[in-house]
Engineer: 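Starting off with a structure, shown below.
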Amino acid sequence: MDLISDDAALAARRLRSGGVVAIPTETVYGLAACADDPAAVRRMYALKGRPADHPSIVHVADIDHLDGWAVLDADGPAAVLAAACWPGPLTLLLTRGPRVADAVTGGRPTVGIRVPAHPLTTAVLRDLGRGLAAPSANRFGRVSPTTAAHVVADLGGLLDPTRDLVLDGGPCPVGVESTIVDCTVDPPQVLRPGGIPTEDVARLLDGALAPAAGPSRAAGMLTSHYAPRCRIHLTDDRAAAETLGRSLATEGSSVRVLDRTDDLVAAARALYADLRAADDDRVDDLVVVLPGPRGLGHALRDRLTKAAAAPAG
Ligand code: TXA
Ligand code: MG
């Protein structure tokens, strides 16, 4: 049996039988299990190599499918954000509903909820009529996947082609993970910058938003994450990157300079493929020009800072 397919009905059947399915979303691929099936969720965590106390986002088909998964106050800020941004790259931290398995939230009273914008995954969610717990479909701590081939490279050897599936929906158009907003605190707070710029969230809430303080801090988030094997060096401008690149090269290292600061939409879409390509091409040192902290620049700076914090290897 084939591990890769673009058949949403097959993906729904596998999930219903307790399988684990990599699903395309507009941000990155997720590794999904039914969020009310504790055994499937535990196996999904084991495949990813993720600690059991690290919570996962629950994906639902649309805002009318929240019942039992989360509590959304119709008059509160979460409803404003949901109406404006779903389907799309926004995750809301809400009070958890009774259908969510403990294994999804690590026993927390809150749950991250998102309505993803990808036609294949929407078809799977509608067919199932259930929530899907899905972290990014990479091995824990490594670079997130934005194509089905990335998923297969990381997890292909671990998935069982008779029960699991990689649902191929092409390359992810946004390329960085969703923005996570904690709506269980007042005012709401950005826990992780992502595909919806923080400025847009603040505007929708008339400024009643606490911005992320320092690196993203959602439960279980680590300083080092999104890590390729090469060393990453961050610079503020092109000239500094070229200078550093030259000096590393004279020491005999294989160096690449990456500067996509002229187009942040393209930079986000290409980020994880760029990090993977550096490893595939056996680059030792990747020197990256950081974009400014505006729009998608917040998410790019967060991911690159975490990727750079990892020891090479
Ligand atoms: O775009 C995305 O958000 C992708 C796609 C697949 O939807 N998912 C994703 O999942 O990035 P993951 O697990 O790699 O990152 C989600 C983060 C976790 O690091 C976790 O800290 C946080 O969301 N999170 C999830 N549920 C939470 C909860 N109940 N409380 C606090 N943090 C939570
Ligand atoms: Mg992840």
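Only heavy atoms go into these numbers, but all of them, side chains included; no hydrogens, no water, no symmetry mates. Indexing begins at 1, ligand by ligand and atom by atom, following the structure's order.
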Engineer: Does ligand 1 have any atom sitting under 4.0 Å from a heavy atom of Thr105?
Structural biologist: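 Heavy atoms of Thr105 never come under 4.0 Å of ligand 1.
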
Engineer: Verify whether one side chain among Thr25 and Arg114 offers a donor that lies under 3.5 Å from an acceptor in the other.
Structural biologist: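 Yes, a side-chain donor-acceptor pair sits under 3.5 Å.
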
Engineer: Atom 18 (C) of ligand 1: which of Glu177, Arg50, Lys48 has the nearest heavy atom?
Structural biologist: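 Of the listed residues, Arg50 has the closest heavy atom.
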
Engineer: Can you find a side-chain donor-acceptor pair between Ser144 and Glu177 that sits under 3.5 Å?
Structural biologist: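 Looking only at side-chain atoms, Glu177 and Ser144 do form a donor-acceptor pair, the distance falling under 3.5 Å.
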
Engineer: Could you check which of Ser178, Gly194, Gly175, Ser144 puts a non-hydrogen atom nearest to atom 3 (O) of ligand 1?
Structural biologist: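 Considering heavy atoms of Ser178, Gly194, Gly175, Ser144, the nearest to atom 3 (O) of ligand 1 sits in Ser178.
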
Engineer: How far does CG of Asp7 sit from CZ of Arg13, to the nearest 0.5 angstrom?
Structural biologist: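 Output value for this atom pair is 6.0 Å.
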
Engineer: Quick check: does Ser136 put an N/O/S atom under 2.8 Å from the Mg ion (ligand 2)?
Structural biologist: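 Of the N, O and S atoms in Ser136, at least one lies under 2.8 Å from the Mg ion (ligand 2), which means yes.
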
Engineer: Just how far is it from atom CZ of Arg282 to atom CZ of Arg256, taken to the nearest 0.5 Å?
Structural biologist: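 These two atoms lie 13.0 Å from each other.
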
Engineer: Measuring from non-hydrogen atoms of His59 to any atom of ligand 1, is the shortest distance under 4.0 Å?
Structural biologist: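 Judged by the 4.0 Å heavy-atom criterion, His59 does count as contacting ligand 1.
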
Engineer: Between Arg16 and Asp37, is the closest basic N to carboxylate O distance under 4.0 Å?
Structural biologist: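 Answer for the salt bridge query: no.
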
Engineer: Hey, which atoms in ligand 1 end up nearer than 4.0 Å to a heavy atom of Pro135?
Structural biologist: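 In order of number, 10 (O), 12 (P), 13 (O).
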
Engineer: Report the part of Val111 (side chain from C-beta onward, or backbone N, CA, C, O) that has a heavy atom under 4.0 Å from ligand 1; answer both or neither where that applies.
Structural biologist: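 Backbone only.
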
Engineer: May I ask you to identify, for Arg96, whether its side chain, its backbone, both or neither come under 4.0 Å of ligand 1 on a heavy-atom basis?
Structural biologist: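 For Arg96, there is no contact with ligand 1 at all, from either part.
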
Engineer: Heavy-atom contacts with Thr110 under 4.0 Å: which atoms of ligand 1 show up? List them by number with element.
Structural biologist: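 Near Thr110, meaning under 4.0 Å from one of its heavy atoms, ligand 1 has 28 (C), 29 (N), 30 (N).
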
Engineer: Hey, which of Asp154, Asp281, Asn138 is the one that makes side-chain hydrogen bond (donor to acceptor under 3.5 Å, both in side chains) with Arg276?
Structural biologist: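 When Asp154, Asp281, Asn138 are each tested with Arg276, the side-chain hydrogen bond (donor to acceptor under 3.5 Å, both in side chains) holds only for Asp154.
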
Engineer: Tell me which one of Gly30, Gly88, Ala70 gets a heavy atom nearest to atom 6 (C) of ligand 1.
Structural biologist: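 Nearest option to atom 6 (C) of ligand 1, by heavy atoms: Gly30.
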
Engineer: Looking only at heavy atoms, what is the nearest atom pair of Ser56 and Tyr45, with distance?
Structural biologist: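 Closest heavy-atom pair between Ser56 and Tyr45: OG-OH, 2.9 Å.
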
Engineer: Using a strict cut-off of 4.0 Å, indicate which atoms of ligand 1 neighbour a heavy atom of Ser136.
Structural biologist: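 Result: 9 (C), 10 (O), 12 (P), 14 (O).
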
Engineer: Using heavy atoms and a threshold below 4.0 Å, how should the contact between Ile180 and ligand 1 be classified: side chain, backbone, both, or neither?
Structural biologist: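 It is the side chain that touches ligand 1; the backbone stays farther off.
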
Engineer: If only side-chain N and O atoms count, and only distance matters, is there a donor-acceptor pair under 3.5 Å linking Thr146 with Arg269?
Structural biologist: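 There is no such pair between these side chains.
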
Engineer: By number and element, which atoms of ligand 1 are closer than 4.0 Å to a non-hydrogen atom of Thr27?
Structural biologist: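 Going through ligand 1 atom by atom, the ones under 4.0 Å from Thr27 are 1 (O), 2 (C), 4 (C), 5 (C).
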
Engineer: Suppose I only count heavy atoms of Arg108 and a 4.0 Å limit; which atoms of ligand 1 are within that range?
Structural biologist: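 Result: 30 (N).
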
Engineer: Which atom pair, heavy atoms only, marks the closest approach of His298 to Glu199?
Structural biologist: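 That would be NE2-OE2, 3.1 Å.
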
